[in-house]
Number of protein chains: 2
Amino acid sequence: MDAEDEDLWVPFLAARPRDRRAERLRVHLREDERRAQRHPPRRAAALSRDQIVAAAIMVADAEGADAVTMRRIARELNAGTMSLYWHVVSKEELLDLMLDAVQGDRETPEPSGDWRRDVQDVARAMRGSLHEHPWMMDFIGGRPPVGPKSLRNVERMLGYFDGLGLDMRMAIDISTTVGTYVMGAVLREVQEHNSETFMEQTLAELTEAEREKVIGEFTERVRATGRYPHLAELMSAGYDPDAAETRDSRFEFGLDCLLDGIAARIGDHPSPGSR
Amino acid sequence: MDAEDEDLWVPFLAARPRDRRAERLRVHLREDERRAQRHPPRRAAALSRDQIVAAAIMVADAEGADAVTMRRIARELNAGTMSLYWHVVSKEELLDLMLDAVQGDRETPEPSGDWRRDVQDVARAMRGSLHEHPWMMDFIGGRPPVGPKSLRNVERMLGYFDGLGLDMRMAIDISTTVGTYVMGAVLREVQEHNSETFMEQTLAELTEAEREKVIGEFTERVRATGRYPHLAELMSAGYDPDAAETRDSRFEFGLDCLLDGIAARIGDHPSPGSR
DNA sequence: TACTATCTGGTACAGCGTACGAGAGGTGCG
DNA sequence: CGCACCTCTCGTACGCTGTACCAGATAGTA
């Protein structure tokens, strides 16, 4: 049963209960469902948790993190705002549900025997998923990470190292390290993306002359201090480290470095010219 | 002049101007200061940007990200809420200023000639700084990153690779990759920390028996599915990958892997048993 | 004295998350 | 049938947020 697995929220972590309902909804969720079957829903369930989460993700994708308000989501569903609170304990919980839902977006590959390729695939998939939902980076800060979909992904990841004779500790360190790198990379990339769109908006309001003047003044000021030789060189070379074209290769570069280091450590010889 | 460097905000990026003042405060800040010297502040400046930023950081450190509200900060300074808005265009700008301010907390080491050690030091310093201000992770999501302090740090970082004959592109990729890893690591660690404190609070409300029952039921459910052999092994081994003791070594592990990969790539032979 | 620039902060408003509780619709029992 | 009881919807209201607007205080210049 697929639905069986979907409820594997780590106890305590899932919701911050503000009232009794949290416990009912989470820790004793199965029990709830049993009762619901005795007493089936009467009105063909106009609203459901999954619907609410889906609507919230739609809104977030289309209008950004700021647009995710309970009122906005309710409007999307033609429901009263407070109706959402029957299915969801708090906005905080809804965000958790959203994060876990998109975690399952991409399929993680079956172990192929080549751990390095599998890990690369997963890393790229994670990155792709995060890029499709950039609002994740707004919500992810400092919130307990584990929902059932994440659990499944961790399980898969650990499976890639099965035949290599690693102890569990090593396998876990490697998994989290890769995940760590991907998170950091996407965080940076989302920041850069936001910078760009913001800059473009601002630039559009200026004339060409003003634009050059402002930029010129800035580079001149950097140069004038004499304390930033590398940055000055960078700017005069016109090299933009954050340009979209370089982003993919930068991601792959870091990932390759990391995987090389890991490979060396687990006794695998790094594939010399991989990628 | 130290103060000279402090104003090197990348133009456009710094503030999202909601009205004209943004431009004045940022792009033409120097001009503003010149005028201010003609017309010096009359009341011995009861309030200043730096004070406001410092107060905001204090509040954030002591009470967490949620406590950072304009009213709270004003109260801290015995000022009216709206007085802050003379010195700061918006809360958003204040957050940018806070982030950049803590960026300069730790001193980055002078280049020692051993790039690897320098980079390690910087990475550890970044991590330490982020841990002292865990609210950073709440604010950092999807916001333009560059203030003057960050610029200085990038400059320093680039300097570590000076004698190695790398081209600029390589040096930049390496710098950002290391930064990326650190950000990701701290993001994860802050999440884990929050999970823990939350779990402790919840656990404190339960009796020992309830606690074991809930945990036991969960592990039983995970095992019952048969789809999570690695996780089941993990849980029955009682190994907690997020335990505080393992966190430092995990960070160093990932960092070492990364640096090994980088070293190999720039023709340096990895120090075999480093740390 | 009058004028102007700089800075303070009170009031007010729209929008947020959500506590509360009334009520609508359905089931099961007498 | 009536009646109790659960499941679910949602209007109202409250306290909180960021901040627009504007009236004033203060100090330097003319």
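Keep in mind that what you see is a predicted model, and the values were worked out from it rather than measured. So you know, we letter chains A, B, ... as the sequences are listed, proteins then strands, and number each from 1.
Smallest separation of non-hydrogen atoms from Leu151(A) and Leu231(B): O-CD1, 3.6 Å. Taking all atoms of both residues into account, the shortest heavy-atom contact from Gly179(A) to Arg188(B) is C-NH1, 3.9 Å.
Residue contacts shown for Thr69(A) are limited to sugar-phosphate atoms, with no base heavy atom under 4.0 Å away. Ala79(A) comes within 4.0 angstrom of sugar-phosphate atoms only, judged by non-hydrogen atoms across all strands, and of no base.
With rounding to whole Å, Arg75(B) atom CZ is found 16 Å from dG9(C) atom C1'. When rounded to the nearest whole Å, the span between CD of Glu92(B) and P of dT17(D) equals 17 Å. If you measure from atom CE of Met82(A) to atom P of dA22(C), you get 15 Å, rounded to the nearest angstrom. The separation between Glu93(B) atom CD and dT19(D) atom C1' is 14 Å, rounded to whole Å. The separation between Met70(A) atom CE and dG17(C) atom C1' is 8 Å, rounded to whole Å. With rounding to whole Å, Gln51(A) atom CD is found 13 Å from dC8(D) atom P. Across the protein-nucleic acid pair, Tyr85(A) atom OH and dC10(D) atom P stand 15 Å apart, rounded to whole Å. Asp66(A) has its CG atom 13 Å from the C1' atom of dT17(D), to the nearest Å.
OP1 or OP2 of dC10(D) lies within a sub-4.0 Å distance of a side-chain N or O belonging to Ser83(A). Distances shown here put every side-chain N or O of His87(A) at or beyond 4.0 Å from the OP1 or OP2 atom of dT7(D).
In summary, Arg247(B) and Glu196(B) engage in a salt bridge, as defined by a charged side-chain N under 4.0 Å from a carboxylate O.
In terms of modelled atom types and a separation under 3.5 Å, the side chain of Thr225(B) and the main chain of Val222(B) share a donor-acceptor contact.
Counting atom types as modelled, Arg71(A) pairs a side-chain N or O with a base atom of dG17(C) as donor and acceptor under 3.5 Å.
Comparing dG17(C), dT19(D), dC7(C) against the side chain of Ser90(B) picks out dT19(D) as the nearest.
Here Thr108(A) contributes atom OG1 and Asn153(A) contributes atom CG; the two are 5.5 Å apart, rounded to the nearest 0.5 Å.
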